Amino acid sequence: MAKPVLQVDGYGKYFQLHEQNKLIPSSHNVSFSVHAGELTALVGPTGAGKSSVLKGIYRSYLPTGGRILYRDAQGHELDICLASDHQILELRRREIGFVTQFLHCLPRQSTLDVVAHPLFMNGVAREEARQRAAELLAEMNLPERLWSVSPATFSGGERQRVNLARGFIARPRLLLLDEPTASLDPETAECVIRLIERLKTEGTAMLAIFHHPETTRRLADRVIVLTPPPAVEELLKEML
Amino acid sequence: MNKILEVRNLGKIYGPGCPQCIDSTGPEADTNLCPHCDSLVAMHGVSFDLFEGEILGIMGESGSGKSTVVNTLYSEQAPSAGEAIFYDPVSAAEGGKSGKQHELFALNAAQQRWLRNHRFGMVYQNPQRGLNFNITAGGNIAERLLMSDLMDYGAIRERAKSLLARTEVLLSRVDDLPKNFSGGMQQRVQIAKALATRPPLLFLDEVTTGLDLSVQARILDLILEIQQELKTSMIVVTHDLGVIRLLTGRAIVMKYGRVIEAGLTDQILEDPQHAYTQRLVASAL
């Protein structure tokens, strides 16, 4: 069997809050792997650290323990925990995409340009990038009259479709999805689910958190159950 | 990716300075004034790299030394210590003139001026510092183009017009004095002027501070559009976390003249490591 695109090995994240003089664990000893063409789903109660894992992989959080081995398109392995900021920026530009529940974008940019932005960053010509953005937005049922205006005024579901389109457009090798269908009506959620299925057949490796257990059942090839990390006192006892 | 700027151990002390200055100032000492000799340690040991096409943020509150960093890099004042190497990116359009490596603080005044006029751009918080208020908006841009060896009057006027159009200054106002412009428009003229020579490196010092929110958003949009179009490398100095989040990919945090934290912008905002940054981020959200 092919080596995984991502291998997480004993990932841990503790927040050290200086002001309150506290150590807050959000993940403890999490291990799993993500393979090309497969979707790995993280499940668990609130506080189990599902988003923490995604953010650690994207390096929005600095992991405090473990290894996160990423195998790039050339087969080189990189430990994300130890990679330089520039290596991470390069991975984000070329290989790793992250779709969160929120869309951050500039108030004046047209929806088309917001979605095409990752392609601009990879040097794709403007017109071609916009063309590909238009195709993707059509596929996601976003009405054409909205394409030329900024998503700032869109409804939650419309914004989320823009957000997803932007995350999908550059075809990252590894896609991190944090509740991508949570704010969508059933029809749009169905479009997104079909798109995720298609990305799978095209070989994208995905790590996802879904709001509905039904979506997890339908899309996940592997399910990783997370439990809230033990309190710091417990961890210290364990260590001593 | 290629490095465009390498800054190592930059320092600036105002005053006589003494052997205890460094040890008795900084975030731990909770001051930037040396108690022994009353010197002000504006910055000390500031190091970072900037890559081509990258926007780096320098954040911190007033008096943290963030403006001192860009002022010394733009040769407005000499640092007390440190070095900075500018790797001029090779550009086909400019033939053999670029592609050189400059040690900024080893240059004489004329060489520094040449870099300022040709290869760097600066946009100040206060438009009066970046613009000559006694000559027209078009004249301000022409002035900068003249200093960069563009001599043809017609060409200068055309370039000035296209730059002002690019920065959304009404063409009917090319011949007006900047002092009669709104704050947001003055800022756009300043940006047009800074960009006139298509510099590969642009410094932006609190450029949206004091503007109302809708004007701020347009300026930020403009800066990002320009960055995407021209691939200009930028250093953005601001105390505004929103500006940092929207514009920059990486950032450094300064306090009392020291860099206390450096990292990916989203990481600094979501998982700040230093006690001061944690307080800064918590108080902003």
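The basis for the numbers below is simple: all heavy atoms, side chains too, and nothing from hydrogens, waters or symmetry mates. Since the model is a prediction, treat every value here as computed from it, not as a measurement. Here is how names work: the chains are called A, B, and so on, in the same order as the sequence lines, proteins then strands, and each is numbered from 1.
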query: For the atom pair CG (B:Asp266) and CZ (A:Arg92), what is the distance rounded to the nearest 0.5 Å?
result: 4.0 Å

field: Residues, nucleotides or ligands: over 12 heavy atoms within 6.0 Å of B:Lys231 NZ
entry: yes

- prompt: chain B contacts: which residues in residues 54-70 of chain A have a non-hydrogen atom closer than 4.5 Å to it?
  reply: A:Lys55, A:Tyr58, A:Arg59, A:Ser60, A:Tyr61, A:Leu62

Contact list for residues 40-51 of chain A, test side-chain hydrogen bond (donor to acceptor under 3.5 Å, both in side chains), sequence neighbours left out: A:Ser51-A:Asp178

message: Do B:Gln278 and A:Glu19 make a side-chain contact, defined as non-hydrogen atoms from C-beta onward lying under 4.5 Å apart?
response: no

Side chain, backbone, both or neither of B:Ile268 within contact of chain A (heavy atoms, under 4.5 Å): neither

field: Under 4.5 Å from a heavy atom of chain A, the part of B:Leu264 involved
entry: both

message: Are more than 12 heavy atoms, taken from residues, nucleotides or ligands other than A:Glu77, located less than 6.0 Å from that residue's CD atom?
response: yes

query: With sequence neighbours left out, which residue pairs that include part of residues 111-131 of chain A fulfil the salt bridge (charged side-chain N to carboxylate O under 4.0 Å, His left out) condition?
result: A:Asp113-A:Arg130, A:Glu127-A:Arg130, A:Glu128-A:Arg132

task: Decide if atom CG of B:Asp30 counts as having more than 12 heavy atoms of other residues, nucleotides or ligands within a radius under 6.0 Å.
output: yes

- prompt: Taking all atoms of both residues into account, what is the closest heavy-atom pair of B:Gln228 and A:Phe120, and its distance?
  reply: OE1-CD1, 3.9 Å

- prompt: Say you draw a straight line from CD of B:Gln267 to CD1 of A:Ile88; how long is it, rounded to the nearest 0.5 Å?
  reply: 10.0 Å

- request: Specify the closest pair of heavy atoms between A:Gln109 and B:Asp221, including all atoms of both residues, with the distance to one decimal.
  value: N-OD2, 4.3 Å

- request: Please state whether the side chain, the backbone, both or neither of B:Glu54 comes within less than 4.5 Å of a heavy atom of chain A.
  value: side chain

- prompt: Who pairs with B:Lys3 by salt bridge (Lys or Arg N to Asp or Glu O under 4.0 Å), at least two apart in sequence or on another chain?
  reply: B:Glu6, B:Asp49

field: Within-4.5 Å side-chain heavy-atom neighbours: B:Asp271 and A:Lys13
entry: yes

